[in-house]
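Below: the structure, in structure tokens.
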Amino acid sequence: MQLSARLLILAILLVALLSRTASHDNDDRPSPPCSPVDRAALLGFKAGVAVDTTGILATWAGDDCCGAWEGVSCGATSGRVVALQLEAPPPRERHYMEGALSPSLGGLEFLETLVIRDMGRIGGAIPESLSRLTRLRQLYLEGNMLAGAVPGSLGKMSSLQYLSLAGNRLEGQLPTDLGAAFGLEQINVARNRLAGAVPPSYKNLSRLAYLDLSNNLFSGAIPGFLGQLKNLALLDLSNNSFSGEIPASLCALRSLTDLSLSHNKLGGRIPPQMGSLRSLNSLAIDDNMLVGSIPASLFLGLRKLWYLNMSRNGFSGSLPTGIRNGLPSLESMDLSHNHLTGGIDEFLRSLSIVVSNKNISTGTLRVLLPQRLEHLDLSKNRITGALPDLAGGGLKWLDVSNNAIGGQIPSSVSKLSDLERLDISRNQVRGVIPASMAGMVRLEWLDLSRNALVGRIPDQFTRLTSMRHANFRGNKLCGKIPQARPFNLFRAAAYAHNLCLCGKPLPPCRII
Ligand SMILES: *[C@@H]1O[C@H](CO)[C@@H](O)[C@H](O)[C@H]1NC(C)=O
Ligand SMILES: *[C@@H]1O[C@H](CO)[C@@H](O)[C@H](O)[C@H]1NC(C)=O
Ligand SMILES: *[C@@H]1O[C@H](CO)[C@@H](O)[C@H](O)[C@H]1NC(C)=O
Ligand SMILES: *[C@@H]1O[C@H](CO)[C@@H](O)[C@H](O)[C@H]1NC(C)=O
């Protein structure tokens with residue numbers, strides 16, 4: 001902060017302080033005198049912090065801990081500290097506290113809220129003495145450098161509802177005793193080094209709505225009893241080493257809105273009852289070893305689902321058809337990196353509203369992709385068929401690369417006017433590049449490489465001024481590359497291995 005800004009803030013504080021002292025006698029609700037017991041406990045915390053670049057603890061001077069100390073709040077009449085909320089303002093490189101959590105915090109016996117967040121360099125263990133805080137409802141110690149185990153004594157905090165220890169360096173197993181804190185509604189221990197299994201005693205945590213164990217080293221099977229925690233809305237077990245199958249019992253969680261099991265070692269098939277997770281907004285099971293087919297019935301009940309990621313598994317069999325508008329809220333679907341087969345045309349039809357072509361004489365049908373669908377990734381499978389005639393949709397990202405798709409690029413692809421990224425590379429697409437694609441002015445990324453395209457790159461492509469990446473490599477294209485930015489500036493490799501492309505960045509065309 002600038003010196004002048006600091007001085008200004010100091011001046012404002014001073015004025016506030018003076019006016020406060022002056023009006024003290026007439027004030028309706030003067031801040032109560034600070035309890036000496038609580039003041040001593042706070043000073044104990046301050047003493048444990050060797051460096052404070054946030055400026056917060058500099059305000060902790062004098063006797064008035066209820067009025068003047070930043071982050072400290074007291075009961076209206078009691079003078080007892082009920083909340084201690086310390087958060088480092090951004091940027092995190094510059095604002096931090098360095099030191100340890102003093103056990104003296106356990107002396108703040110009226111405390112209901114304790115937040116020490118994003119202090120970056122607060123290390124050491126979580127003091128056992130915190131278990132004396134029997135009135136504590138919220139304990140947030142996220143974004144520090146706390147190490148050692150999660151103390152089992154936290155289970156004695158009978159009022160505890162919200163617990164977050166995310167983003168520290170905690171290790172060891174989750175304590176069994178925490179299963180005795182029946183009031184817990186939220187547990188977040190993401191981004192630590194915790195290992196082992198989820199203790200069976202946690203099945204007693206019937207109020208639990210939010211359980212985030214992501215980015216740790218947990219292993220073993222996903223416990224079936226999680227399916228008994230009827231209030232669970234968020235379950236994030238991603239990026240651990242959970243193995244075995246997805247327990248079918250999870251499908252009983254009717255309040256579940258977010259389920260992430262990504263980046264684990266889960267095998268077996270998807271439980272067929274998964275379609276009964278009616279409240280689901282987001283389902284991520286990518287990067288596991290799941291096998292079997294993806295039945296369309298799975299999707300018929302997921303009417304609120306907007307995010308679906310099944311990428312990087314061993315799913316096989318045909319792409320689901322018969323979805324029939326079963327996913328009306330879908331915004332993002334990623335089925336890439338599997339062994340899925342089946343026709344792209346049937347699949348897109350099944351996902352879409354099918355409209356008849358205005359041109360009755362040809363009798364063809366066009367597919368209108370769901371308006372909310374922005375991201376569709378089917379890359380790296382064994383999908384066949386041809387892209388169907390399209391009538392539009394709000395798609396921004398379409399990746400069907402690395403499949404066995406044939407046919408031609410339908411000129412109606414230009415109806416996808418919001419498209420920013422189109423990847424058809426590594427397929428068997430024939431025919432010419434439709435000139436209509438020059439109307440896709442939002443296109444930033446176009447990869448048509450390694451197909452069997454013939455003819456020219458349409459001159460009208462010079463209208464595609466947003467284009468940042470294009471690749472035409474490995475086709476049978478011929479003729480002059482559009483001689484305008486950015487097409488004449490892309491690397492030569494983007495045009496290599498064609499029949500007879502010429503002009504910048506390749507050598508000039510021969511005049512015949
Ligand atoms: C809590 O869970 C444990 C272990 O599953 C069980 O033995 C105990 O009876 C449960 N306690 C309550 C109060 O339900
Ligand atoms: C998985 O967790 C580890 C440890 O927290 C982290 O370093 C890594 O970036 C995470 N990986 C992913 C893909 O999120
Ligand atoms: C789906 O998961 C994969 C792998 O875990 C990831 O790379 C990809 O970005 C995810 N897709 C979407 C649309 O978020
Ligand atoms: C309608 O179909 C006929 C016959 O295939 C074709 O010649 C004509 O160009 C089409 N018109 C439109 C508007 O697509």
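Each ligand, and each atom within it, is numbered from 1 in the order the structure gives.
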Discussion item. Side chain, backbone, both or neither: which applies to His375 and ligand 3 if a contact is any heavy-atom pair less than 4.0 Å apart?
Written reply: side chain
Fill in: Contact atoms of ligand 3, heavy-atom distance to Asp334 under 4.0 Å
1 (C), 8 (C), 10 (C), 11 (N), 12 (C), 13 (C)
Item to complete: Using a strict cut-off of 4.0 Å, indicate which atoms of ligand 3 neighbour a heavy atom of Arg312.
Response: 4 (C)
Worksheet item: When you check the side-chain N and O atoms of Asn192 and Asn216, is any donor under 3.5 Å from an acceptor?
Response: no
Fill in: Protein heavy-atom partner closest to atom 4 (C) of ligand 2 - residue, atom, separation in Å
Asn215 O, 4.2 Å
Discussion item. Minimum heavy-atom separation for Leu217 and Arg193, please, with both atom names.
Written reply: CD1-O, 3.9 Å
Worksheet entry | Nearest non-hydrogen protein atom, atom 14 (O) of ligand 3 | Tyr307 OH, 2.6 Å
Worksheet item: With a cut-off of 4.0 Å, which atoms of ligand 3 are near a heavy atom of His263?
Response: 5 (O)
Practice prompt. Decide salt bridge (charged side-chain N to carboxylate O under 4.0 Å, His left out) for Glu112 and Arg137; before the verdict, give the C-alpha distance in whole Å, the side-chain angles of both, and the deciding distance to 0.1 Å.
Written response: CA-CA 5 Å; Glu112 292 168 15; Arg137 286 190 286 114; 3.4 Å; yes
Worksheet item: Does Ser262 reach ligand 3, in the sense of a heavy atom lying below 4.0 Å from it?
Response: no
Practice prompt. Working to the nearest 0.5 Å, report the span between CG of Leu419 and CD of Glu444.
Written response: 10.5 Å
Worksheet entry | Protein heavy atom at shortest distance from atom 5 (O) of ligand 3 | Asp286 OD2, 2.5 Å
Worksheet item: Any chance the side chains of Ser311 and Ser336 put a donor and an acceptor closer than 3.5 Å?
Response: yes
Response to the item:
for atom 2 (O) of ligand 3, nearest protein heavy atom and its distance come out as Asn309 ND2, 2.4 Å
Worksheet item: Rounded to the nearest 0.5 Å, how far apart are OG of Ser214 and NE2 of His263?
Response: 10.5 Å
Practice prompt. Would you mind running through ligand 3 and noting each atom that sits below 4.0 Å from a heavy atom of Ser332?
Written response: 13 (C)
Worksheet, complete the sentence: Between Leu101 and Leu105 the two heavy atoms that sit nearest each other are CD2-CD1, 4.2 Å
Response to the item:
Correct closest heavy-atom pair for Asn313 and Asn288 would be OD1-C, 2.9 Å
Worksheet item: Any idea which part of Asn239 is under 4.0 Å from ligand 2, heavy-atom wise: side chain, backbone, both or neither?
Response: side chain
